[in-house]
Number of protein chains: 2
Amino acid sequence: MGNINLKELALALNLSTATVSRALRDSHEISTETKKKVLELAKKLNYEPNPSASNLRSQKSKTIAVIIPEVTNNFFSQAINGIEEIARQHDYHVLIYQTHENSELEIAFMRRLLSGRVDGILISVASETNDDQDFKDILNELPVVFFDRVNENIDAVKVTTDDYESTYKATTHLIECGCRKIAYLMALNNLSTGKKRFAGYLAAMKDNNVTENEALIIPDSNNDDDNYTHIKKLLLDEKPDGIITSIENLALPCYYACRDLKLNIPRDVKLISFSNLKTAPLLNPSLSTITQPAFEMGKEAASILFKILNKKYFEPNETLVLKSVIIKRESTGF
Amino acid sequence: MGNINLKELALALNLSTATVSRALRDSHEISTETKKKVLELAKKLNYEPNPSASNLRSQKSKTIAVIIPEVTNNFFSQAINGIEEIARQHDYHVLIYQTHENSELEIAFMRRLLSGRVDGILISVASETNDDQDFKDILNELPVVFFDRVNENIDAVKVTTDDYESTYKATTHLIECGCRKIAYLMALNNLSTGKKRFAGYLAAMKDNNVTENEALIIPDSNNDDDNYTHIKKLLLDEKPDGIITSIENLALPCYYACRDLKLNIPRDVKLISFSNLKTAPLLNPSLSTITQPAFEMGKEAASILFKILNKKYFEPNETLVLKSVIIKRESTGF
DNA sequence: GGCTTTTATGCAAACGTTTACGTAAATAAA
DNA sequence: TTTATTTACGTAAACGTTTGCATAAAAGCC
């Protein structure tokens with residue numbers, strides 16, 4: 001029968017709550033024999049300290065929050081997996097909040113968390129534009145680590161991938177495969193993450209003397225159907241021979257648009273996409289991808305957060321950059 | 001500057017903390033004018049009540065826990081999405097715990113949650129065998145709703161899909177497509193979820209006078225490589241002309257095994273799988289699936305939990321059964 | 001053996017809320 | 001006008017921990 005508390009435990013042991021509390025936390029002030037007695041009875045009675053009381057007194061919640069756009073996204077679910085693993089190691093609890101790309105919700109979540117519900121936050125920001133000031137206010141109150149989707153205007157600890165290099169290499173790959181009219185499906189263009197990806201594309205185009213064309217650059221919408229329509233229009237109007245998509249969600253609409261226009265990938269148009277899809281090798285055709293180390297990013301971001309929480313961190317605005325890998329498959333002719 | 005508390009707020013308003021607290025909770029005991037004053041200043045000063053203090057006093061955490069095997073699984077991430085949506089509507093927070101199919105961890109998580117950290121639990125149990133008694137003990141302490149992966153020996157509120165009917169129909173579909181040696185890749189066979197799926201397969205075989213063969217029934221392992229090896233061996237030794245897999249994770253190893261054995265799907269062997277893969281239509285060949293309404297299940301399970309929390313629930317051991325849909329694609333010859 | 005130091009424990013305050021109970025003033029009922 | 005009721009607020013206890021301080025006993029020192 002659960003929910004025995006310290007007082008009852010102390011009573012049963014004929015000790016004060018102070019002694020029992022200290023014994024449970026393995027304080028050096030307590031003799032080994034009483035410690036043993038306390039631990040034994042606590043285990044026997046299934047004693048679990050009340051976290052609210054503990055948090056209230058100690059001002060530690062043993063909880064972190066993860067704020068992400070969508071959990072139904074391979075990148076983010078893999079990142080959560082990594083975060084959860086590290087949190088587990090530190091005996092911490094993990095709260096999940098989805099913004100669905102809504103930045104107002106995002107800020108509202110963070111504000112609510114300021115009252116001591118969590119000791120720190122891991123966030124991959126929404127693609128909507130944000131008021132930077134809101135973030136800055138919050139950063140003063142609580143440790144926050146940004147990962148993947150980061151805001152360039154904010155000084156904070158960040159974990160990203162080599163966005164510029166990834167798209168540079170991917171674009172170069174398409175060029176090497178013979179593409180000359182390379183469309184860029186742009187996303188996250190108000191975040192440094194998106195800007196760097198775009199810059200990598202532009203630089204690769206320039207360095208390889210491929211003429212850039214505004215008409216080949218289209219922004220994403222937050223809606224699969226719209227994306228499908230836009231891509232179809234792009235394919236019809238501009239007849240690109242290569243496409244690079246800057247987020248995973250844009251890959252499938254490309255497949256559908258090509259299928260419906262009877263365009264063959266990779267013969268008529270080659271495709272490479274950011275993606276953590278486990279099924280990329282089994283698609284028809286298999287998809288060439290820029291694959292981010294999502295799991296590791298989650299682990300790294302969480303590890304850094306715990307370093308901060310344990311005051312073992314001395315680089316306040318460090319950015320850790322992990323490497324994505326480019327996997328060449330049939331969709332680019334391999 | 002954050003972290004103003006009730007006392008300070010009360011002081012600034014020249015009111016008692018009791019009045020301010022009641023005003024914030026819109027109590028009828030407080031005059032509309034003071035309510036207005038309190039709300040205004042609270043908003044202005046960004047007052048956020050301290051959840052630990054509030055929880056401690058009110059014995060409500062405004063938090064639920066979701067315990068699942070893996071977050072990197074389409075079914076579960078979609079379910080989380082649904083759960084989060086409902087939790088948001090109720091202004092609740094969502095904690096995530098992954099068991100990685102380890103039932104000891106699962107029980108440990110639940111025990112820890114008994115101390116008031118959460119008001120209720122949503123769980124899809126690990127495939128490892130569990131001690132039913134542990135679950136029963138916990139059910140006495142805290143509202144729990146099981147979803148998808150449920151334990152038949154436990155009387156509790158459950159949300160499942162029509163597991164028996166799904167595999168019955170899928171098996172029938174394979175038979176209608178001409179299969180006579182239908183392999184069943186069994187999983188979750190210690191849970192009623194898995195048992196029902198298997199029973200549906202057996203019943204469909206029997207009803208259609210297809211001879212059952214023990215050798216065609218192989219259990220899953222928790223490891224992709226092992227599954228690949230076992231499936232390959234199955235394909236070589238038994239030469240099934242149809243395969244039905246009882247969980248999503250077994251689908252991809254089938255693709256790889258067939259590819260490596262130069263077996264054509266669907267010509268040599270037809271395949272249908274439980275799956276919430278968004279890419280099922282784009283696989284090579286596209287995958288026929290039994291698709292569970294994961295998002296809706298999450299929503300339903302969470303909704304029921306909130307009904308229980310709000311004491312609006314009067315069917316203590318109800319099982320809500322949602323319908324999966326069978327989508328026929330190329331892997332079964334469509 | 002008296003002194004200081006160490007060891008092991010207890011007392012009580014504090015964390016920031018919520019809420020039962022009390023009460024004074026205002027209003028309604030008689 | 002007297003009494004009963006309602007309204008609007010305050011007092012203080014409680015939720016279950018943690019921890020600074022006090023203290024008694026034991027041990028160490030000369």
Side-chain angles (χ1 to χ4, degrees), chain A residues 2-39 41-42 45-63 91 93 112-119 141, chain B residues 2-39 41-42 45-63 91 93 112-119 141:
Chain A
N3 284 7
I4 181 173
N5 63 23
L6 249 202
K7 211 186 288 183
E8 296 167 304
L9 194 58
L11 198 70
L13 286 159
N14 210 26
L15 288 170
S16 73
T17 59
T19 303
V20 176
S21 174
R22 282 190 261 251
L24 290 170
R25 331 187 89 242
D26 202 28
S27 158
H28 64 276
E29 295 182 88
I30 306 299
S31 72
T32 42
E33 37 187 344
T34 45
K35 267 185 202 170
K36 207 182 130 206
K37 275 191 226 165
V38 171
L39 269 307
L41 192 64
L45 299 182
N46 265 324
Y47 170 72
E48 284 290 341
N50 180 301
S52 301
S54 177
N55 298 349
L56 179 59
R57 177 60 225 241
S58 66
Q59 307 285 25
K60 290 268 148 232
S61 66
K62 291 226 137 208
T63 306
D91 211 25
H93 302 257
R112 287 242 181 95
L113 295 174
L114 252 38
S115 51
R117 190 176 288 274
V118 299
D119 297 342
E141 312 271 344
Chain B
N3 283 6
I4 181 174
N5 63 24
L6 249 201
K7 212 186 288 182
E8 296 167 305
L9 194 57
L11 198 68
L13 286 158
N14 211 24
L15 288 170
S16 73
T17 59
T19 303
V20 176
S21 174
R22 280 190 264 251
L24 289 170
R25 330 187 90 243
D26 201 28
S27 159
H28 63 277
E29 294 183 87
I30 306 299
S31 73
T32 43
E33 37 187 344
T34 45
K35 267 185 201 170
K36 207 182 131 206
K37 274 192 229 164
V38 170
L39 269 307
L41 191 64
L45 299 182
N46 264 324
Y47 170 72
E48 284 290 341
N50 180 301
S52 300
S54 177
N55 298 350
L56 179 58
R57 175 60 224 240
S58 66
Q59 307 285 25
K60 290 269 149 232
S61 66
K62 292 225 138 209
T63 306
D91 211 24
H93 302 258
R112 287 243 181 95
L113 294 174
L114 252 38
S115 51
R117 190 175 289 274
V118 300
D119 297 342
E141 313 271 345

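Below, read A as the first sequence line, B as the second, and so on, with proteins coming before strands; counting in each chain starts at 1.
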What pairs with T19(B) under side-chain hydrogen bond (donor to acceptor under 3.5 Å, both in side chains), at least two apart in sequence or on another chain?
S16(B)
Could you pull out all donor-acceptor pairs under 3.5 Å where a side-chain atom in residues 51-59 of chain B meets a protein atom, sequence neighbours excluded?
{"residue": "N55(B)", "atom": "ND2", "partner": "P51(B)", "partner atom": "O", "Å": "3.2"}
{"residue": "S58(B)", "atom": "OG", "partner": "S54(B)", "partner atom": "O", "Å": "2.7"}
{"residue": "S58(B)", "atom": "OG", "partner": "K60(B)", "partner atom": "N", "Å": "3.4"}

Check every nucleotide of DNA chain C for an atom under 4.0 Å from a heavy-atom of chain A, then give the first and the last such nucleotide from 5' to 3'.
dA8(C) to dG16(C)
Assign each of A18(B) and L15(A) the nucleotide of DNA chain C bearing its closest heavy atom; nearer the 5' end lies the nucleotide of L15(A)
Go through the structure and list residues passing salt bridge (charged side-chain N to carboxylate O under 4.0 Å, His left out) with E29(B), not counting sequence neighbours.
R22(B)
Here the pair of heavy atoms bringing R112(B) nearest to D91(A) is NH1-OD1, 3.1 Å
What are the residues of residues 20-31 of chain B, sorted by number, that bring a heavy atom to within less than 4.0 Å of DNA chain D?
R22(B), E29(B), I30(B), S31(B)
side-chain hydrogen bond (donor to acceptor under 3.5 Å, both in side chains) filter on S27(B), not counting sequence neighbours, yields none
When the C1' atoms of the five terminal pairs at each end define the local axes, what inter-axis angle does the helix from dG1(C)-dC30(D) to dA30(C)-dT1(D) show, to 10 degrees?
40°
Checking R117(B) now: which residues fulfil salt bridge (charged side-chain N to carboxylate O under 4.0 Å, His left out) with it, not counting sequence neighbours?
none
Can you check the L6(A) CG to dT19(D) P distance for me, whole Å?
12 Å
Those residues that, when tested against S115(A), pass side-chain hydrogen bond (donor to acceptor under 3.5 Å, both in side chains) (two or more places apart)
none
Qualifying residues under side-chain hydrogen bond (donor to acceptor under 3.5 Å, both in side chains), relative to D119(B), sequence neighbours excluded:
S61(B), Y92(B)
A12(A) and L41(A) have their tightest heavy-atom pair at CB-CD2, 3.8 Å
Student check: side-chain heavy atoms of N5(B) and N50(B) closer than 4.5 Å
no
Output all residues satisfying salt bridge (charged side-chain N to carboxylate O under 4.0 Å, His left out) with K35(A), sequence neighbours left out; order by chain, then residue number.
D26(A)
Closest approach of Y47(A) to L6(A) (non-hydrogen atoms, all atoms of both residues):
OH-CG, 3.5 Å
Nearest-Å distance, CG (L56(A)) to P (dA14(D))?
17 Å
Would you tabulate the nitrogen or oxygen pairs shorter than 3.5 Å linking the protein to nucleotides 4-6 of chain D?
none

How far apart are the closest heavy atoms of L24(A) and L39(A), and which atoms are they?
CD2-CD1, 4.4 Å
Using a 4.0 Å heavy-atom cut-off across all strands, classify S52(B) as base, sugar-phosphate, or nothing.
nothing
